[in-house]
Number of protein chains: 2
Amino acid sequence: MARRNTNRRVGIADVARMAGVSHATVSRVMNGNAAVDPDIAARVRAAAAELKYQPNPVGRSLALGKTDTIGIVVPDLANPTFQAILRGLSIAAAQDGYRVLIADSSEVTSEEAILAGEARRRCDGVVLCAPRMGDAELEELAPTLHPLVLINRTTVASNTPSLSVDYSQGIQELATHLVSLGHRKIAYLEGPLHSASNRQRLAGLEQFQAKHPDIELQFLEAGSNFDSGHDATDAVVASGATGILAFNDLVAMGLLSGLHERGIRVPEDISVTGFDDIPFARYTMPPLTTAAVPINELGSLAWRRMREQMQQSADATEAEESAQDVFEPRIEIRRSTAPVSLPVG
Amino acid sequence: MARRNTNRRVGIADVARMAGVSHATVSRVMNGNAAVDPDIAARVRAAAAELKYQPNPVGRSLALGKTDTIGIVVPDLANPTFQAILRGLSIAAAQDGYRVLIADSSEVTSEEAILAGEARRRCDGVVLCAPRMGDAELEELAPTLHPLVLINRTTVASNTPSLSVDYSQGIQELATHLVSLGHRKIAYLEGPLHSASNRQRLAGLEQFQAKHPDIELQFLEAGSNFDSGHDATDAVVASGATGILAFNDLVAMGLLSGLHERGIRVPEDISVTGFDDIPFARYTMPPLTTAAVPINELGSLAWRRMREQMQQSADATEAEESAQDVFEPRIEIRRSTAPVSLPVG
DNA sequence: TTGAAAGCGCTAACAC
DNA sequence: GTGTTAGCGCTTTCAA
């Protein structure tokens, strides 16, 4: 006996007893699975209503082998990007009767695999946002997590659907925009060094440099949040660059505030761009030129891909090529970028 | 037989077979509960490692009567306030090995009770943010949800811990701040009409009016997000008020952008205040004067109260008076408020 | 159409 | 110290 019968909630047995039928019949009525005599069904329903019976999801899960829950692993819930993905995912999943379980790795990369595994055991699938996990580790992990949807990562292992943003393309367009405004000295405020999306931006800038060998391109360390942008202010000023490509909107906003404190005007003295187009980007001072990522769609598409995979598993229709969705950012030109000003004198 | 044995994951039975012991022994080793012969324990551990065995949480949950999961019901995951609470809760709960399950009611008040009930059945407790739910409904619902923690609501039913912000006090301080700057015509941009926290602000303003009968106080309809603030711009201008108390930071930011579009300067022409001090409030144009709510603490304290309740239930130490925590907002004066300007001429 | 019974994977009481 | 067994609450097979 695993449990003392203290504090028992009403279970299927209570309804069965009250309606004078077996558990099985109650189950059938509740799920509308098999045909049940209308009179009996009515009796069962009445008893269920009377007792306010609601099936215990844990018992169902064990019997059914599914939890109607999916997990999402995010590196940092404070990041608007992941908040938006979470929201889109949660709303889309709810429409199909699924709930979302959160696992926040708090940027501790070494925990991600463990969290993801644990989430998978509790859930029917996992959406993994693990920008800093090594490729090898991801490749090893992916098959054990199936059904799995990857955000901003791809892996060769076990055809896993992935949704990603073409950061390379976006940053190139932003850089080109600066060039078209006459900027010749441009600095990139790098994101976390091991972040996959930072690497993509770097790759994009390499292509950009190849096309524009005359542009002086510098690389400055920063990070992925407000503070790292703010802390990079001195380095930005020292660089002498007139156009700054920040890793993302948060970094750009931190920089904006740092420049403002030093009395450096944007865009008159320095042009600044962000990335992501978070909701607040249009309300910064000045409004931020950035690359817009359709972030809400990411969440809902993640759910669609998850559902497709779960159906495939159910049908045993394996081996279907899984989708690799790539979102192209759209450049949003606002007021933080302007033609380069001529040196005084 | 509930399941065809397709696609079986490795279970406790496999480990038991491999180690040549019973399920029970494997369970004992995995949980470190009872004393087990060291040699046998080693054999079990080796088998578990070999098979990469991880206990199935659903089975555990059913046997233990607990899921190590708590649910949170929020009206809108797009709202930074709830994002912050979710985050604080998730991080704090994770520290004790608990996960968070999300239920986003998408502002559909009629769904909240259902969502909360469903969340409670899947989880060991529920944190409920339901600002628009009627008092009567809440009072009826609360006992069925226990352990329950209420955010920004209280209920007389079944002593339920609640965390709330003293919006009344905060809005009075903000109003007083405007008065001290010389403003005599003040308008309040109302939040959702049925929101409990809006009612608190109204109550606070009533007290304020009593203390300052000479101040002309107007009430304008708005809402709780950017757009409602933006849409209220014309009404604000028409009101002739020089000091605006927005329902929250989002509304204030929407208004800021609306005023800017019309060439009305803040704070020179109109002073604007927000509420909440969301992370972006200091980066608006101009930086927003607001009432700071220690929002991250709210989430972690919610977890603490939840844990206390769960322990009480376990100890059957019922009837202990449950905490009603009230957070006092701290006024954060930035640049969106300034002395009222003298009428020209 | 219905009930009895097995089983989902696990924990814990009980007997040895 | 260890195995046997009951039971958590449910679904589904099987036999009637």
Side-chain angles (χ1 to χ4, degrees), chain A residues 1-44 47-48 51-68 118 120-124, chain B residues 1-44 47-48 51-68 118 120-124:
Chain A
M1 199 171 308
R3 211 90 283 263
R4 325 125 196 88
N5 66 344
T6 122
N7 204 349
R8 287 238 299 102
R9 298 176 90 80
V10 9
I12 200 170
D14 302 296
V15 179
R17 198 173 316 118
M18 183 163 190
V21 296
S22 68
H23 324 276
T25 299
V26 176
S27 171
R28 287 190 270 253
V29 172
M30 297 305 292
N31 296 292
N33 279 339
V36 175
D37 180 281
D39 288 358
I40 297 196
R43 232 163 59 215
V44 168
L51 297 170
K52 292 195 206 303
Y53 168 69
Q54 302 279 160
N56 177 327
V58 180
R60 284 197 99 224
S61 291
L62 190 58
L64 255 23
K66 65 198 279 286
T67 60
D68 292 346
E118 203 223 281
R120 179 60 185 86
R121 255 167 273 127
R122 289 171 122 93
C123 303
D124 299 344
Chain B
M1 197 171 309
R3 213 87 281 264
R4 325 126 194 86
N5 66 345
T6 120
N7 205 350
R8 286 233 305 98
R9 297 177 91 83
V10 5
I12 201 171
D14 303 297
V15 180
R17 198 174 314 119
M18 184 164 190
V21 296
S22 69
H23 323 274
T25 299
V26 176
S27 171
R28 287 189 269 254
V29 172
M30 297 306 291
N31 296 293
N33 279 338
V36 175
D37 179 282
D39 287 358
I40 297 199
R43 232 163 58 215
V44 168
L51 296 170
K52 293 196 208 301
Y53 167 70
Q54 302 279 158
N56 177 327
V58 179
R60 285 197 99 225
S61 292
L62 191 58
L64 255 23
K66 64 198 281 286
T67 61
D68 293 344
E118 203 223 282
R120 179 59 184 87
R121 256 167 273 127
R122 290 171 122 94
C123 302
D124 300 343

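Naming convention: chains lettered A, B, ... in sequence-line order (proteins, then strands); numbering from 1 in each chain.
Spacing between atom NE2 of His23(B) and atom P of dG7(D) amounts to 16 Å, rounded to whole angstrom units. Leu51(B) has its CG atom 14 Å from the P atom of dG9(C), to the nearest Å. Atoms NZ (Lys66(B)) and P (dA12(C)) sit 10 Å apart, rounded to a whole Å. For the pair Arg122(A) CZ and dG9(C) C1', the computed distance is 15 Å after rounding to whole Å. Distance, Arg121(B) CZ to dC10(D) C1': 14 Å, rounded to whole Å. Distance, Ile12(A) CD1 to dC10(D) C1': 6 Å, rounded to whole Å. Going from atom CE of Met30(B) over to atom C1' of dT2(D) covers 18 Å, rounded to whole Å. In this structure, the CZ atom of Arg9(A) is 11 Å from the P atom of dC10(D), given to the nearest Å.
The side chain of Leu62(A) approaches dG9(D) more closely than any other nucleotide in the set dA4(C), dG9(D), dT4(D). With dT11(D), dG7(D), dA12(C) as the choices, the nucleotide that has an atom nearest any side-chain atom of Leu64(A) turns out to be dT11(D). The side chain of Val21(A) approaches dG3(C) more closely than any other nucleotide in the set dT11(D), dG3(C), dT5(D). In the set dG1(D), dC8(C), dT11(C), the nucleotide with an atom closest to the side chain of Ala35(B) is dG1(D). Of the candidate nucleotides dT11(D), dT11(C), dG3(C), dG3(C) has the atom lying nearest to any side-chain atom of Ser22(A). Taking the side chain of Thr25(A) as heavy atoms from C-beta on, and the options dT2(C), dT2(D), dC8(D), the nearest nucleotide is dT2(C).
No side-chain heavy atom of Asn56(A) sits less than 4.5 Å from a side-chain heavy atom of Arg9(A). Looking only at side-chain heavy atoms (C-beta outward), Ile12(B) and Tyr53(B) come within less than 4.5 Å of each other. Side chains of Thr67(B) and Arg60(B) form no contact here, defined as non-hydrogen atoms less than 4.5 Å apart. Counting heavy atoms from C-beta outward, Ser22(A) and Val26(A) have side chains that stay 4.5 Å or more apart. Proximity of Ile40(A) to Arg43(A): side-chain heavy atoms (C-beta onward) are separated by under 4.5 Å at one or more points.
Note on Ser27(A): every side-chain N or O is 4.0 Å or more away from OP1 and OP2 of dC10(D). Put simply, Asn33(B) has no side-chain N or O that comes within less than 4.0 Å of OP1 or OP2 on dT11(C).
Judged purely by atom type and a 3.5 angstrom limit, Asp124(B) uses its side chain to pair as donor or acceptor with the backbone of Asp68(B).
Scanning atom types as modelled, one donor and one acceptor separated by under 3.5 angstrom connect the side chain of Arg28(B) and the base of dG3(D).
Applying a 4.0 Å cut-off to non-hydrogen atoms, none of the residues of residues 52-60 of chain B approaches DNA chain D.
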Requested in this report: Determine, step by step, whether Val58(A) and Arg122(B) satisfy the side chain to side chain contact (heavy atoms under 4.5 Å, CB included) criterion, reporting the C-alpha distance in whole Å, the side-chain angles of both residues, the deciding distance to 0.1 Å, and the verdict.
Outcome: CA-CA 7 Å; Val58(A) 180; Arg122(B) 290 171 122 94; over 6 Å; no
